Amino acid sequence: QVQVTESGGDSVQAGGSLRLSCAASGYMNPYCMSWSRQAPGKEREGVATISIGDLTSYADSVKGRFTISRDNAKNTLYLQLNNLKPEDTAMYYCAAVRQSFLISNFCSDFKNYNNWGQGTQVTVSS
């Protein structure tokens with residue numbers, strides 16, 4: 001199993017942008033990758049997923065503003081956050097799970113992810 005480590009969180013003003021990175025400790029190619037977030041007092045929320053074939057999915061709250069991507073040569077996952085809003089304030093977590101081809105939509109189901117990082121904080125002020 002790969003270990004994942006997030007970075008890139010910061011404090012920004014509403015309307016600003018950030019790029020989060022998630023470094024995997026090993027060969028990332030066979031893994032579904034995802035970003036989730038958790039705001040204080042709230043449950044963890046799935047944000048975006050990407051399969052080994054670069055199929056992506058997004059939460060409705062971030063569609064059109066956030067972009068997930070992966071660079072397998074660098075074993076790194078990214079999340080580009082644009083037009084940030086105060087409600088995007090949260091700890092952002094990267095996660096990985098080895099892709100299964102036996103289950104449809106496996107990568108887009110956040111319940112399948114079993115390998116989580118420690119998180120990186122994003123704070124958006126109005």
Side-chain angles (χ1 to χ4, degrees):
Q1 290 280 7
V2 293
Q3 305 299 311
V4 292
T5 304
E6 306 91 338
S7 62
D10 205 347
S11 296
V12 298
Q13 298 237 324
S17 297
L18 283 174
R19 188 175 79 157
L20 307 183
S21 298
C22 169
S25 61
Y27 191 56
M28 199 174 75
N29 291 47
Y31 290 85
C32 306
M33 303 295 294
S34 71
W35 289 98
S36 297
R37 65 187 182 185
Q38 188 167 21
K42 294 188 177 181
E43 292 188 356
R44 188 171 293 188
E45 172 193 21
V47 172
T49 67
I50 187 166
S51 73
I52 64 173
D54 287 342
L55 291 176
T56 59
S57 67
Y58 295 93
D60 288 343
S61 58
V62 306
K63 278 182 183 176
R65 299 190 298 121
F66 291 7
T67 303
I68 189 172
S69 62
R70 62 193 296 162
D71 185 339
N72 290 333
K74 295 182 179 180
N75 292 320
T76 303
L77 176 74
Y78 301 102
L79 186 69
Q80 179 68 39
L81 294 72
N82 294 330
N83 191 21
L84 282 160
K85 303 176 181 180
E87 52 264 42
D88 294 320
T89 295
M91 186 72 79
Y92 283 71
Y93 297 92
C94 170
V97 64
R98 188 173 285 271
Q99 180 153 347
S100 168
F101 296 98
L102 301 178
I103 302 172
S104 61
N105 301 316
F106 181 82
C107 289
S108 60
D109 188 344
F110 289 95
K111 294 191 297 295
N112 293 324
Y113 287 84
N114 56 10
N115 199 3
W116 295 83
Q118 296 300 305
T120 186
Q121 178 69 37
V122 173
T123 302
V124 185
S125 58
S126 57

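Just so we're clear, the structure is a prediction, and the values are computed from it rather than from any experiment.
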Which pair of heavy atoms, one from Y27 and one from P30, lies closest together, and at what distance?
-> O-CD, 3.6 Å
When rounded to the nearest 0.5 angstrom, what distance separates CD in Q118 from SG in C94?
-> 11.5 Å
CD (E45) and OH (Y93) are apart, to the nearest 0.5 Å, by 13.5 Å
Could you tell me which non-hydrogen atom of W35 sits nearest to which non-hydrogen atom of S21, and how far apart they are?
-> CH2-O, 3.6 Å
Does the side chain of D88 come within less than 4.5 Å of L81's, by heavy atoms?
-> no
Atom pair CG (L55) and SG (C32), whose distance is rounded to the nearest 0.5 Å = 10.0 Å
Does G119 offer a backbone N or O that forms a donor-acceptor pair with the side chain of E6 under 3.5 Å?
-> yes
Backbone N/O of V124 and side chain of T89: donor-acceptor pair under 3.5 Å | yes
Between M28 and R70, which heavy-atom pair has the shortest distance, and what is it?
-> O-NH2, 2.9 Å
Using the ring of each side chain (for Trp, its six-membered ring), is Y113 parallel, tilted or perpendicular to W116, with breaks at 30° and 60°?
-> perpendicular
Can you give each donor-acceptor pair under 3.5 Å made by side-chain atoms of residues 98-107, sequence neighbours left out, with the distance rounded to 0.1 Å?
| residue | atom | partner | partner atom | Å |
| --- | --- | --- | --- | --- |
| R98 | NH2 | Y31 | OH | 3.4 |
| Q99 | OE1 | I52 | N | 3.0 |
| S100 | OG | L102 | N | 3.2 |

Considering all heavy atoms of both residues, which atom of A14 and which atom of S126 are nearest to each other, and what is their separation?
-> CB-CA, 4.3 Å
Start with the C-alpha distance between Y58 and T67, add both sets of side-chain angles, then the distance that settles side chain to side chain contact (heavy atoms under 4.5 Å, CB included), and finish with yes or no.
-> CA-CA 8 Å; Y58 295 93; T67 303; 3.8 Å; yes
Rounded to the nearest 0.5 Å, how far apart are CG of N75 and CG of N29?
-> 7.0 Å
Interatomic spacing from CG in D10 to CZ in R19 - rounded to 0.5 Å | 14.0 Å
Could you pull out the closest heavy-atom pair between S34 and I68, with the gap in Å?
-> CA-CD1, 4.3 Å
State, without any angle test, whether T49 and S57 hold a side-chain donor-acceptor pair at a distance under 3.5 Å.
-> yes
Hey, does the side chain of N82 reach the backbone of S17 with a donor-acceptor pair shorter than 3.5 angstrom?
-> no
Apart from Y78 itself, which Ile, Leu, Val, Met, Phe, Trp or Tyr residues share its cluster (side-chain heavy atoms under 4.5 Å, direct or through members)?
-> none
Mind listing the closest non-hydrogen atom pair of R44 and Q38 along with its distance?
-> N-NE2, 3.8 Å
Any chance you could lay out the salt bridge (Lys or Arg N to Asp or Glu O under 4.0 Å) test for K63 and D60, step after step, and finish with the verdict?
-> CA-CA 5 Å; K63 278 182 183 176; D60 288 343; 3.2 Å; yes
Assess whether side chain to side chain contact (heavy atoms under 4.5 Å, CB included) is satisfied between R37 and L79, documenting all intermediate values.
-> CA-CA 12 Å; R37 65 187 182 185; L79 186 69; over 6 Å; no
Side chains of E87 and S61: is there a donor and an acceptor less than 3.5 Å apart?
-> no
Stepwise side chain to side chain contact (heavy atoms under 4.5 Å, CB included) test for F66 and L84 | CA-CA 9 Å; F66 291 7; L84 282 160; 4.0 Å; yes
